[in-house]
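Before any comments, here is the structure.
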Number of protein chains: 2
Amino acid sequence: MKIAILGGTGSIGEGLAMRWSQKHDIIIGSRKCEKAEDSANKYCTILEECDLTGNISGCINADAVKQADVVVLSIRYEHAISTIESVKPYLKDGHILISIVVPMTRDGYFKYTPPMEGSAAMEFKKVLPEGVKLVSAFHNVSAKKLSDIEEKLKMDVFICGDDEEANQIVSDLVWDIPDLRPLIAGPLEVSSMVESLTPLLVNLAMYNKKKHLGIQCV
Amino acid sequence: MKIAILGGTGSIGEGLAMRWSQKHDIIIGSRKCEKAEDSANKYCTILEECDLTGNISGCINADAVKQADVVVLSIRYEHAISTIESVKPYLKDGHILISIVVPMTRDGYFKYTPPMEGSAAMEFKKVLPEGVKLVSAFHNVSAKKLSDIEEKLKMDVFICGDDEEANQIVSDLVWDIPDLRPLIAGPLEVSSMVESLTPLLVNLAMYNKKKHLGIQCV
(Lines give C-alpha, C1' and ligand atoms only; values in the text may rest on other atoms or scores of the structure.)
Protein backbone atom coordinates (compact mmCIF):
# COMPACT_ATOMS: atom_id res chain seq x y z
CA MET A 1 0.00 0.00 0.00
CA LYS A 2 1.21 3.55 -0.70
CA ILE A 3 0.83 5.83 2.30
CA ALA A 4 1.37 9.60 2.11
CA ILE A 5 2.11 11.24 5.45
CA LEU A 6 1.43 14.97 5.24
CA GLY A 7 3.41 16.60 8.02
CA GLY A 8 5.57 13.51 7.98
CA THR A 9 8.52 15.58 9.11
CA GLY A 10 7.08 15.78 12.68
CA SER A 11 7.53 13.18 15.40
CA ILE A 12 4.30 11.20 15.04
CA GLY A 13 4.82 11.23 11.27
CA GLU A 14 8.38 10.04 11.83
CA GLY A 15 7.24 7.07 13.90
CA LEU A 16 4.46 6.04 11.52
CA ALA A 17 6.76 6.38 8.49
CA MET A 18 9.53 4.23 9.91
CA ARG A 19 7.23 1.57 11.33
CA TRP A 20 4.88 1.32 8.33
CA SER A 21 7.85 1.31 5.93
CA GLN A 22 8.46 -2.27 7.02
CA LYS A 23 5.30 -3.28 5.16
CA HIS A 24 4.31 -0.36 2.92
CA ASP A 25 5.69 2.36 0.61
CA ILE A 26 5.84 5.64 2.48
CA ILE A 27 5.80 9.10 0.92
CA ILE A 28 6.61 11.96 3.28
CA GLY A 29 4.76 15.12 2.28
CA SER A 30 5.70 18.65 3.24
CA ARG A 31 5.17 22.16 1.94
CA LYS A 32 8.81 22.14 0.88
CA CYS A 33 10.15 19.25 -1.18
CA GLU A 34 13.65 19.51 0.26
CA LYS A 35 12.39 19.25 3.84
CA ALA A 36 10.39 16.12 2.95
CA GLU A 37 13.37 14.55 1.20
CA ASP A 38 15.66 15.34 4.14
CA SER A 39 13.22 13.69 6.56
CA ALA A 40 12.84 10.64 4.32
CA ASN A 41 16.63 10.27 4.17
CA LYS A 42 16.92 10.70 7.94
CA TYR A 43 14.32 7.98 8.60
CA CYS A 44 16.07 5.60 6.20
CA THR A 45 19.36 6.23 7.99
CA ILE A 46 17.79 5.52 11.40
CA LEU A 47 16.33 2.29 10.02
CA GLU A 48 19.71 1.26 8.63
CA GLU A 49 21.30 1.82 12.04
CA CYS A 50 18.79 -0.70 13.38
CA ASP A 51 19.58 -3.15 10.55
CA LEU A 52 16.25 -2.42 8.89
CA THR A 53 15.31 -1.15 5.48
CA GLY A 54 12.21 0.70 4.37
CA ASN A 55 10.94 2.38 1.25
CA ILE A 56 10.53 6.03 2.27
CA SER A 57 10.62 8.98 -0.15
CA GLY A 58 9.78 12.65 0.18
CA CYS A 59 8.06 15.30 -1.97
CA ILE A 60 5.59 18.20 -1.73
CA ASN A 61 2.19 17.41 -0.20
CA ALA A 62 0.29 17.48 -3.52
CA ASP A 63 2.68 15.01 -5.20
CA ALA A 64 2.53 12.74 -2.14
CA VAL A 65 -1.28 12.63 -2.30
CA LYS A 66 -1.27 11.92 -6.05
CA GLN A 67 0.66 8.69 -5.51
CA ALA A 68 -1.04 7.45 -2.34
CA ASP A 69 -3.86 5.03 -1.45
CA VAL A 70 -3.99 6.30 2.12
CA VAL A 71 -3.24 9.87 3.19
CA VAL A 72 -2.33 10.71 6.78
CA LEU A 73 -2.93 14.24 8.03
CA SER A 74 -0.30 14.59 10.74
CA ILE A 75 -0.06 18.34 11.16
CA ARG A 76 -0.87 21.08 13.63
CA TYR A 77 -4.56 21.95 13.75
CA GLU A 78 -3.79 25.55 12.74
CA HIS A 79 -2.45 24.41 9.34
CA ALA A 80 -4.87 21.55 8.70
CA ILE A 81 -7.56 23.29 6.66
CA SER A 82 -5.05 25.12 4.45
CA THR A 83 -3.21 21.84 3.85
CA ILE A 84 -6.45 20.04 2.97
CA GLU A 85 -7.36 22.85 0.57
CA SER A 86 -3.93 22.64 -1.09
CA VAL A 87 -4.24 18.89 -1.81
CA LYS A 88 -8.00 18.81 -2.42
CA PRO A 89 -7.70 18.68 -6.25
CA TYR A 90 -5.74 15.43 -5.91
CA LEU A 91 -7.99 13.67 -3.39
CA LYS A 92 -10.04 11.10 -5.29
CA ASP A 93 -13.09 8.96 -4.56
CA GLY A 94 -12.08 6.11 -2.29
CA HIS A 95 -9.01 7.84 -0.88
CA ILE A 96 -8.70 7.15 2.84
CA LEU A 97 -7.67 10.19 4.87
CA ILE A 98 -6.51 9.52 8.45
CA SER A 99 -6.69 12.57 10.72
CA ILE A 100 -4.38 12.63 13.75
CA VAL A 101 -5.05 16.33 14.19
CA VAL A 102 -5.95 17.74 17.62
CA PRO A 103 -7.17 21.28 18.27
CA MET A 104 -5.71 22.17 21.65
CA THR A 105 -4.28 25.09 23.57
CA ARG A 106 -1.74 25.36 26.35
CA ASP A 107 -2.16 27.71 29.28
CA GLY A 108 -0.17 26.02 32.03
CA TYR A 109 -2.07 22.82 31.25
CA PHE A 110 -3.45 21.56 27.95
CA LYS A 111 -7.07 21.93 26.95
CA TYR A 112 -9.05 20.46 24.08
CA THR A 113 -10.46 23.36 22.05
CA PRO A 114 -12.61 21.93 19.25
CA PRO A 115 -14.09 24.08 16.49
CA MET A 116 -17.85 24.70 16.33
CA GLU A 117 -18.34 21.43 14.39
CA GLY A 118 -17.43 19.56 17.61
CA SER A 119 -14.08 18.12 16.54
CA ALA A 120 -11.30 18.63 14.01
CA ALA A 121 -12.52 15.57 12.09
CA MET A 122 -16.09 16.89 11.80
CA GLU A 123 -14.73 20.22 10.55
CA PHE A 124 -12.53 18.51 7.94
CA LYS A 125 -15.44 16.37 6.77
CA LYS A 126 -17.26 19.54 5.71
CA VAL A 127 -14.47 20.65 3.39
CA LEU A 128 -13.41 17.25 1.98
CA PRO A 129 -14.73 15.91 -1.34
CA GLU A 130 -17.66 13.53 -0.64
CA GLY A 131 -15.96 10.35 -1.86
CA VAL A 132 -12.97 10.71 0.50
CA LYS A 133 -13.24 8.39 3.50
CA LEU A 134 -12.18 10.23 6.63
CA VAL A 135 -10.99 8.25 9.65
CA SER A 136 -9.84 9.73 12.97
CA ALA A 137 -7.09 7.75 14.71
CA PHE A 138 -3.70 7.62 16.51
CA HIS A 139 -4.49 10.51 18.90
CA ASN A 140 -3.76 8.44 21.98
CA VAL A 141 -0.38 7.06 20.96
CA SER A 142 2.81 8.62 22.28
CA ALA A 143 4.64 10.26 19.35
CA LYS A 144 7.94 9.87 21.19
CA LYS A 145 7.52 6.15 21.75
CA LEU A 146 6.24 5.65 18.21
CA SER A 147 9.32 7.35 16.78
CA ASP A 148 11.68 5.21 18.86
CA ILE A 149 11.80 2.27 16.48
CA GLU A 150 13.09 -0.13 19.12
CA GLU A 151 10.39 0.76 21.66
CA LYS A 152 7.65 -1.82 22.26
CA LEU A 153 4.21 -0.21 21.98
CA LYS A 154 1.75 -2.07 24.16
CA MET A 155 -0.99 0.47 23.54
CA ASP A 156 -4.47 0.75 22.09
CA VAL A 157 -5.32 2.96 19.13
CA PHE A 158 -8.87 4.29 19.01
CA ILE A 159 -10.46 4.66 15.58
CA CYS A 160 -13.53 6.70 14.56
CA GLY A 161 -15.06 6.75 11.11
CA ASP A 162 -18.29 6.53 9.17
CA ASP A 163 -17.11 3.99 6.57
CA GLU A 164 -16.75 0.46 7.89
CA GLU A 165 -14.39 -0.66 5.15
CA ALA A 166 -12.10 2.34 5.72
CA ASN A 167 -12.15 1.72 9.49
CA GLN A 168 -11.10 -1.86 8.79
CA ILE A 169 -8.21 -0.76 6.55
CA VAL A 170 -7.01 1.63 9.26
CA SER A 171 -7.38 -1.18 11.85
CA ASP A 172 -5.18 -3.37 9.67
CA LEU A 173 -2.63 -0.55 9.45
CA VAL A 174 -2.59 -0.44 13.26
CA TRP A 175 -2.04 -4.21 13.44
CA ASP A 176 0.90 -3.69 11.03
CA ILE A 177 2.75 -1.98 13.88
CA PRO A 178 3.71 -4.73 16.34
CA ASP A 179 2.02 -4.62 19.77
CA LEU A 180 -0.44 -1.83 18.88
CA ARG A 181 -4.10 -2.87 19.11
CA PRO A 182 -6.85 -1.09 17.15
CA LEU A 183 -10.21 -0.49 18.83
CA ILE A 184 -13.19 1.03 17.02
CA ALA A 185 -14.65 3.93 19.02
CA GLY A 186 -17.65 4.69 16.79
CA PRO A 187 -18.60 7.00 13.91
CA LEU A 188 -16.77 10.22 13.11
CA GLU A 189 -19.26 12.12 15.27
CA VAL A 190 -17.53 10.85 18.44
CA SER A 191 -14.09 11.97 17.26
CA SER A 192 -14.08 14.73 19.92
CA MET A 193 -13.93 12.00 22.61
CA VAL A 194 -10.84 10.55 20.94
CA GLU A 195 -9.10 13.79 19.94
CA SER A 196 -9.37 15.11 23.51
CA LEU A 197 -7.23 12.18 24.72
CA THR A 198 -4.09 13.93 23.44
CA PRO A 199 -4.26 16.93 25.81
CA LEU A 200 -5.54 14.60 28.57
CA LEU A 201 -2.52 12.31 28.24
CA VAL A 202 -0.11 15.26 28.15
CA ASN A 203 -1.70 16.66 31.33
CA LEU A 204 -1.61 13.26 33.05
CA ALA A 205 2.09 12.96 32.24
CA MET A 206 2.80 16.50 33.43
CA TYR A 207 0.88 16.36 36.73
CA ASN A 208 2.05 12.86 37.68
CA LYS A 209 5.70 13.07 36.58
CA LYS A 210 5.27 10.40 33.90
CA LYS A 211 6.50 10.47 30.33
CA HIS A 212 4.99 9.72 26.94
CA LEU A 213 1.81 8.06 28.16
CA GLY A 214 -0.44 5.88 26.08
CA ILE A 215 -3.60 3.98 26.92
CA GLN A 216 -4.36 0.33 27.40
CA CYS A 217 -7.99 -0.65 27.85
CA VAL A 218 -8.39 -3.32 30.52
CA MET B 1 -13.70 9.45 57.33
CA LYS B 2 -17.47 9.71 56.78
CA ILE B 3 -18.43 9.45 53.14
CA ALA B 4 -21.96 10.14 51.87
CA ILE B 5 -22.75 8.58 48.51
CA LEU B 6 -25.72 10.35 46.94
CA GLY B 7 -27.18 7.96 44.41
CA GLY B 8 -25.46 5.22 46.34
CA THR B 9 -28.18 2.79 45.28
CA GLY B 10 -26.74 2.61 41.72
CA SER B 11 -23.93 0.34 40.61
CA ILE B 12 -20.96 2.70 40.85
CA GLY B 13 -22.25 3.83 44.23
CA GLU B 14 -22.58 0.19 45.26
CA GLY B 15 -18.96 -0.55 44.39
CA LEU B 16 -17.57 2.55 46.09
CA ALA B 17 -19.69 1.93 49.21
CA MET B 18 -18.61 -1.68 49.66
CA ARG B 19 -14.96 -1.06 48.92
CA TRP B 20 -14.58 2.14 50.96
CA SER B 21 -16.52 0.60 53.86
CA GLN B 22 -13.38 -1.43 54.58
CA LYS B 23 -11.68 1.77 55.75
CA HIS B 24 -14.39 4.41 56.17
CA ASP B 25 -17.98 4.97 57.40
CA ILE B 26 -20.35 5.00 54.46
CA ILE B 27 -23.74 6.69 54.34
CA ILE B 28 -25.88 5.83 51.33
CA GLY B 29 -28.11 8.75 50.35
CA SER B 30 -31.28 8.55 48.30
CA ARG B 31 -34.43 10.58 47.78
CA LYS B 32 -36.26 7.87 49.73
CA CYS B 33 -34.90 6.76 53.09
CA GLU B 34 -36.22 3.20 52.71
CA LYS B 35 -34.45 2.73 49.38
CA ALA B 36 -31.17 3.92 50.91
CA GLU B 37 -31.57 1.61 53.92
CA ASP B 38 -32.40 -1.35 51.67
CA SER B 39 -29.26 -0.74 49.59
CA ALA B 40 -27.10 -0.36 52.72
CA ASN B 41 -28.42 -3.67 54.05
CA LYS B 42 -27.87 -5.35 50.70
CA TYR B 43 -24.24 -4.19 50.55
CA CYS B 44 -23.61 -5.38 54.12
CA THR B 45 -25.04 -8.79 53.20
CA ILE B 46 -22.81 -9.04 50.12
CA LEU B 47 -19.78 -8.14 52.25
CA GLU B 48 -20.73 -10.80 54.84
CA GLU B 49 -20.93 -13.41 52.10
CA CYS B 50 -17.31 -12.53 51.28
CA ASP B 51 -16.36 -12.73 54.98
CA LEU B 52 -16.02 -8.97 55.19
CA THR B 53 -17.69 -6.36 57.35
CA GLY B 54 -18.28 -2.70 56.67
CA ASN B 55 -20.05 0.19 58.33
CA ILE B 56 -22.74 1.17 55.79
CA SER B 57 -25.99 2.94 56.67
CA GLY B 58 -28.72 4.60 54.58
CA CYS B 59 -30.86 7.73 54.86
CA ILE B 60 -32.23 10.59 52.74
CA ASN B 61 -29.69 12.68 50.82
CA ALA B 62 -29.88 15.70 53.13
CA ASP B 63 -29.24 13.64 56.27
CA ALA B 64 -26.36 11.84 54.56
CA VAL B 65 -24.69 15.16 53.67
CA LYS B 66 -25.15 16.51 57.22
CA GLN B 67 -23.02 13.68 58.64
CA ALA B 68 -20.34 13.47 55.96
CA ASP B 69 -16.81 14.83 55.41
CA VAL B 70 -16.84 13.81 51.77
CA VAL B 71 -19.94 13.75 49.55
CA VAL B 72 -20.04 11.71 46.35
CA LEU B 73 -22.46 12.73 43.62
CA SER B 74 -23.13 9.44 41.86
CA ILE B 75 -26.34 10.13 40.00
CA ARG B 76 -27.67 10.60 36.50
CA TYR B 77 -26.83 13.98 35.00
CA GLU B 78 -30.54 14.76 34.56
CA HIS B 79 -31.07 14.69 38.35
CA ALA B 80 -27.77 16.22 39.42
CA ILE B 81 -28.69 19.91 39.72
CA SER B 82 -31.95 19.18 41.56
CA THR B 83 -30.07 16.91 43.97
CA ILE B 84 -27.40 19.55 44.58
CA GLU B 85 -30.11 22.15 45.22
CA SER B 86 -31.85 19.82 47.69
CA VAL B 87 -28.70 19.31 49.79
CA LYS B 88 -27.19 22.78 49.32
CA PRO B 89 -28.29 24.07 52.75
CA TYR B 90 -26.21 21.31 54.37
CA LEU B 91 -23.05 21.70 52.30
CA LYS B 92 -20.50 23.50 54.45
CA ASP B 93 -17.16 25.22 53.87
CA GLY B 94 -14.49 22.58 53.40
CA HIS B 95 -16.89 19.85 52.31
CA ILE B 96 -15.39 17.82 49.47
CA LEU B 97 -17.86 16.96 46.72
CA ILE B 98 -16.78 14.29 44.24
CA SER B 99 -18.69 14.36 40.95
CA ILE B 100 -18.87 11.12 38.96
CA VAL B 101 -21.64 12.59 36.84
CA VAL B 102 -21.53 12.33 33.03
CA PRO B 103 -23.88 14.14 30.64
CA MET B 104 -24.31 11.71 27.76
CA THR B 105 -26.90 10.52 25.28
CA ARG B 106 -27.42 7.26 23.47
CA ASP B 107 -28.47 7.08 19.85
CA GLY B 108 -27.10 3.72 18.74
CA TYR B 109 -23.76 4.77 20.21
CA PHE B 110 -22.98 6.95 23.19
CA LYS B 111 -22.05 10.60 22.89
CA TYR B 112 -20.74 13.08 25.43
CA THR B 113 -23.21 15.98 25.59
CA PRO B 114 -21.86 18.60 28.00
CA PRO B 115 -23.84 21.64 29.08
CA MET B 116 -22.82 25.12 27.91
CA GLU B 117 -20.34 25.41 30.81
CA GLY B 118 -18.24 22.74 29.06
CA SER B 119 -18.72 19.89 31.54
CA ALA B 120 -21.04 18.70 34.28
CA ALA B 121 -18.42 19.68 36.88
CA MET B 122 -18.11 23.24 35.57
CA GLU B 123 -21.90 23.56 35.64
CA PHE B 124 -22.10 22.27 39.22
CA LYS B 125 -19.36 24.65 40.32
CA LYS B 126 -21.60 27.57 39.40
CA VAL B 127 -24.39 26.47 41.73
CA LEU B 128 -22.32 25.16 44.66
CA PRO B 129 -21.52 27.29 47.73
CA GLU B 130 -18.05 28.82 47.29
CA GLY B 131 -16.37 26.96 50.15
CA VAL B 132 -17.28 23.52 48.79
CA LYS B 133 -14.34 21.81 47.09
CA LEU B 134 -15.49 20.12 43.92
CA VAL B 135 -13.45 17.26 42.47
CA SER B 136 -14.28 15.31 39.32
CA ALA B 137 -13.25 11.64 39.42
CA PHE B 138 -14.07 7.94 38.85
CA HIS B 139 -15.55 8.44 35.36
CA ASN B 140 -13.23 5.94 33.76
CA VAL B 141 -13.76 3.05 36.17
CA SER B 142 -16.08 0.21 35.27
CA ALA B 143 -19.10 0.34 37.60
CA LYS B 144 -19.64 -3.39 37.12
CA LYS B 145 -16.10 -4.34 38.06
CA LEU B 146 -16.12 -1.90 40.97
CA SER B 147 -19.29 -3.47 42.37
CA ASP B 148 -17.86 -6.99 42.11
CA ILE B 149 -16.05 -6.93 45.43
CA GLU B 150 -13.79 -9.84 44.51
CA GLU B 151 -12.71 -8.32 41.17
CA LYS B 152 -9.15 -6.97 40.97
CA LEU B 153 -9.16 -3.41 39.61
CA LYS B 154 -5.90 -2.74 37.81
CA MET B 155 -7.09 0.60 36.51
CA ASP B 156 -6.27 4.28 36.70
CA VAL B 157 -8.64 6.89 38.09
CA PHE B 158 -8.31 10.38 36.65
CA ILE B 159 -8.92 13.30 39.02
CA CYS B 160 -9.66 16.96 38.17
CA GLY B 161 -10.04 19.72 40.71
CA ASP B 162 -9.00 23.25 41.58
CA ASP B 163 -8.05 22.59 45.22
CA GLU B 164 -4.79 20.71 45.64
CA GLU B 165 -5.60 19.49 49.14
CA ALA B 166 -8.98 18.16 48.03
CA ASN B 167 -7.36 16.45 45.03
CA GLN B 168 -4.91 14.79 47.44
CA ILE B 169 -7.72 13.56 49.71
CA VAL B 170 -9.53 12.08 46.70
CA SER B 171 -6.23 10.52 45.54
CA ASP B 172 -5.89 8.90 48.95
CA LEU B 173 -9.47 7.60 48.67
CA VAL B 174 -8.51 6.02 45.34
CA TRP B 175 -5.46 4.38 46.92
CA ASP B 176 -7.81 3.01 49.62
CA ILE B 177 -9.27 0.71 46.94
CA PRO B 178 -6.62 -1.94 46.23
CA ASP B 179 -5.04 -1.87 42.75
CA LEU B 180 -6.64 1.41 41.68
CA ARG B 181 -4.13 4.17 40.89
CA PRO B 182 -5.05 7.87 41.07
CA LEU B 183 -3.67 10.24 38.43
CA ILE B 184 -4.22 14.00 38.53
CA ALA B 185 -5.55 15.26 35.17
CA GLY B 186 -5.57 18.98 35.95
CA PRO B 187 -7.94 21.67 37.20
CA LEU B 188 -11.72 21.35 37.05
CA GLU B 189 -11.69 23.14 33.70
CA VAL B 190 -10.45 19.96 31.98
CA SER B 191 -13.20 17.82 33.48
CA SER B 192 -14.83 17.49 30.03
CA MET B 193 -11.81 15.46 28.89
CA VAL B 194 -12.33 13.07 31.81
CA GLU B 195 -16.14 12.93 31.80
CA SER B 196 -16.15 12.03 28.09
CA LEU B 197 -14.21 8.86 28.86
CA THR B 198 -17.41 7.20 30.12
CA PRO B 199 -19.24 7.22 26.76
CA LEU B 200 -15.94 6.49 24.99
CA LEU B 201 -15.33 3.37 27.08
CA VAL B 202 -18.91 2.18 26.60
CA ASN B 203 -18.56 2.61 22.82
CA LEU B 204 -15.19 0.84 22.78
CA ALA B 205 -16.73 -2.09 24.64
CA MET B 206 -19.76 -2.18 22.34
CA TYR B 207 -17.88 -1.94 19.01
CA ASN B 208 -15.11 -4.35 19.97
CA LYS B 209 -17.13 -6.98 21.84
CA LYS B 210 -15.41 -6.24 25.16
CA LYS B 211 -17.00 -5.82 28.55
CA HIS B 212 -16.65 -3.30 31.39
CA LEU B 213 -13.53 -1.55 30.13
CA GLY B 214 -11.29 0.62 32.24
CA ILE B 215 -8.07 2.45 31.42
CA GLN B 216 -4.47 1.85 32.31
CA CYS B 217 -1.95 4.51 31.32
CA VAL B 218 1.25 2.95 30.02
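Numbered from 1 within each chain, the chains take letters A, B, ... in sequence-line order. Every value quoted in this text rests on a predicted model; they were computed, and no experiment measured them. Side-chain atoms are counted along with the backbone in the values below, which use heavy atoms only and exclude waters and symmetry mates.
If you take OH on B:Y207 and CD1 on A:I159, they are separated by 13.5 Å, rounding to the nearest 0.5 Å.
Inter-residue side-chain proximity for B:I184 and A:L204 is flagged as unmet; no heavy-atom pair is nearer than 4.5 Å. Contact check for B:S192 versus A:S196: no side-chain heavy atoms found under the 4.5 Å cut-off.
In this structure, the portion of A:K210 lying under 4.5 Å from any heavy atom of chain B is its side chain and not its backbone. For B:K145, the part lying near chain A is the side chain, with the backbone staying farther off; criterion is any non-hydrogen pair under 4.5 Å. If you measure heavy-atom distances from A:Y112 to chain B, the contacts under 4.5 Å come from both the backbone and the side chain. The part of B:V190 that comes within reach of chain A is its side chain, from C-beta onward, which places non-hydrogen atoms under 4.5 angstrom from that chain. Only the side chain of B:L201 comes within contact range of chain A, with at least one heavy atom under 4.5 Å from a heavy atom of that chain.
Around the NZ atom of A:K88, the shell of radius 6.0 Å holds more than 12 heavy atoms that belong to other residues, nucleotides or ligands. Under a cut-off of 6.0 angstrom, the local environment of CD in A:E151 is crowded, with over 12 non-hydrogen atoms contributed by other residues, nucleotides or ligands. Within a 6.0 Å sphere centred on CG of B:D107, other residues, nucleotides and ligands contribute 12 heavy atoms or fewer.
When the candidates B:L183, B:N203, B:I215 are compared by the number of heavy-atom contacts under 4.5 Å with chain A, B:L183 comes out ahead. Ranked by heavy-atom pairs under 4.5 Å with chain B, the first of A:P199, A:P187, A:G118 is A:P187. Among A:A185, A:G108, A:S142, the residue with the largest count of heavy-atom pairs under 4.5 Å with chain B is A:A185. Ranked by heavy-atom pairs shorter than 4.5 Å toward chain B, the options A:P182, A:A205, A:C217 are led by A:C217.
Looking at every heavy atom in both residues, B:V218 comes nearest to A:M155 through CG2-CG, 3.9 Å.
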Check against side-chain contact (heavy atoms from CB on, under 4.5 Å), B:F110 and A:M193: CA-CA 10 Å; B:F110 290 82; A:M193 297 177 349; 5.8 Å; no

